[in-house]
Amino acid sequence: MARFLLVMLAFTLSACSANWGWYVVNPQTKAGWTNLSFLLSGLKYTVLLSLTAILISIVVGLLVALPGLSSNRAMRTASRIYVELVRAVPILVLILWVYYGLPQLTGLTISVFWAGVIALALSDSAFEAEIFRAGIQSIAKGQYEAAYSVSLNYTDTMRYVILPQAIRRILPALGNQLVYMLKMSSLVSVIGMQELTRKANELVVTEYRPLEIYTVLVLEYLVLILIVSAGVRWLERRMQTDERA
Amino acid sequence: MPPDAPDAIIRFDSVSKYFGEFQVLKSIDFKAASGERIVVCGPSGSGKSTLIRCINGLESYQSGVITVDGVQIGQSVAALRKVRDQVGMVFQQFNLFPHLTVLENLMLGPTRARRLDPAQARAIAMKYLERVRIPEQAGKYPRQLSGGQQQRVAIARSLCMEPRIMLFDEPTSALDPEMINEVLDVMVELAGTGMTMIVVTHEMGFARKVADRMVFMDHGEIVETAPPEEFFTAPKSARCKDFLQKILNH
Ligand SMILES: Nc1ncnc2c1ncn2[C@@H]1O[C@H](COP(=O)(O)OP(=O)(O)O)[C@@H](O)[C@H]1O
Ligand SMILES: [Mg+2]
């Protein structure tokens, strides 16, 4: 699949090759190699940023989802309000607000990396909460009843009986969120995070070859996300085997 | 047992329960002595499940008092825990934990609720798996077992808590006919150990063999209660006669 896409892309590009200047990222020349490694050096931050953000957003999402399933009306409302509010703010706006606004509010300076992590995690947590809520609600009532009948308390019931089953069911959705997060991390370039997109922007300013450089950027995201998708599918298969006959 | 016997392990005093406007249990008075084996029957929707689910607090109730082993249910979470430590429950749909092996299903309660160490919990689990005659299935997942085997695992899972009372809610209703007996045999054997048992079932052969007392429910009331021989040969109420006729002649 990946190879097919690349071949198609190369074919399309070479077909209208009049204005191409691939020398700018040609690994066989010294300058091209320097440019290429400059572009690739953003990868580490894109990955680190996305993974940190998704881990935090999963934890926050779960903490928001659980009161949303409570029989207590006030807890449900609080959870609902959080989800609705956070979901309403565009990610880019949240990034700007956290980086430029939050330090004024709290008096603490915040690094570009952590501003990006907080904004992405916050924004994603509302979606994670909805995913967890649906996953937990899909577990039959009898599972709680059986757990309570062997005298498990609420925490143990969630931890050992409900969540392990819910997480298996929502794994594809969590995988989607990770892919989404990798893509949205490109927005953190606006506050100067040295991730993939920022590197490409900087190189375009000095080399004046937007077409080639942004094409490399597209390919970088494409390969990254194909790898992540394959990883998630592998994990899904692994987690399902033990339940199968 | 006589209404004011001192050693009632389960006691319902004028218990009423509503689902919204609908009254499911109508001022129920009911007692079970320690070691007593009671079979509850009655038409579908009469409140049998609700009645036994109240005993381990899976359902709340709105008025009256339920006491189990001296602990009043509905007072506090701690009281409920204490009751659930003493009361096992077997469901119509088994409700095994599908993501855990048979052994893990059995060990969860002992390790997390009884706080036994894994070696002890494993020993207890194997003991009860042998009691229900499927020790060789310990490493399998529930869906790899037949319905009858799953229900026996569910019985063993409850027994691992070493409860004083076992509740059964139509334990054989979801089983293929050829598997009913393997489950009933295990229950008959359990009845011989002095366990207090409340069994909702329409298996009248089992009832005749095992029950100390029959309870007939209809429309949220206990209409009739009698020892089996009397219950089956000389039911008093018209509703009970009618019901027995239907299920004995199907
Ligand atoms: N969660 C519920 N909400 C509303 N009504 C219920 C609920 N559970 C049971 N009922 C109703 O209560 C009545 C008694 O149910 P149940 O105790 O399950 O009867 P049985 O076990 O004798 O068939 C039925 O009419 C049923 O529809
Ligand atoms: Mg029922």
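All of these numbers come straight from a predicted model, not from anything done at the bench. Chain naming here is simple, since letters A, B, ... match the order of the sequence lines and numbering starts at 1 in each.
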Could you report the tightest heavy-atom contact between [X] and [Y], atom names first, then the distance?
X: B:L100; Y: A:Y160; value: CD1-O, 4.5 Å
X: B:R112; Y: A:L152; value: CB-CD1, 4.1 Å
X: A:S151; Y: B:R81; value: O-NE, 3.0 Å
X: B:M161; Y: A:V150; value: CE-O, 3.3 Å

Can you tell me if [atom1] on [X] sees more than 12 non-hydrogen neighbours from other groups inside 6.0 Å?
X: A:Q104; atom1: CD; value: no
X: A:Y45; atom1: OH; value: no
X: A:Y180; atom1: OH; value: no
X: B:R122; atom1: CZ; value: no

Which atoms of [X] approach chain A - backbone, side chain, both or neither, heavy atom under 4.5 Å:
X: B:L96; value: backbone
X: B:L58; value: side chain
X: B:R114; value: neither

Go through the atoms of A:A147 and report whether side chain, backbone, both or neither lie under 4.5 Å from a heavy atom of chain B.
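When you check distances to chain B, atoms from both the backbone and side chain of A:A147 fall under 4.5 Å.
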
So, do B:F97 and A:P164 sit near enough that their side-chain heavy atoms are less than 4.5 Å apart?
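Sidechains of A:P164 and B:F97: no contact.
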
Check for a donor-acceptor pair, side chain of B:N56 on one end and backbone N or O of A:S149 on the other, with a separation under 3.5 Å.
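Side chain of B:N56 to backbone of A:S149, a donor-acceptor pair under 3.5 Å: no, none is there.
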
A:Q143 side, atom CD; B:Q93 side, atom CD - distance, nearest 0.5 Å
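If I round to the nearest 0.5 Å, the distance is 11.5 Å.
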
Nearest-0.5 Å distance, CG of residue A:N153 to CG of residue B:L80
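Here the rounded value is 11.5 Å.
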
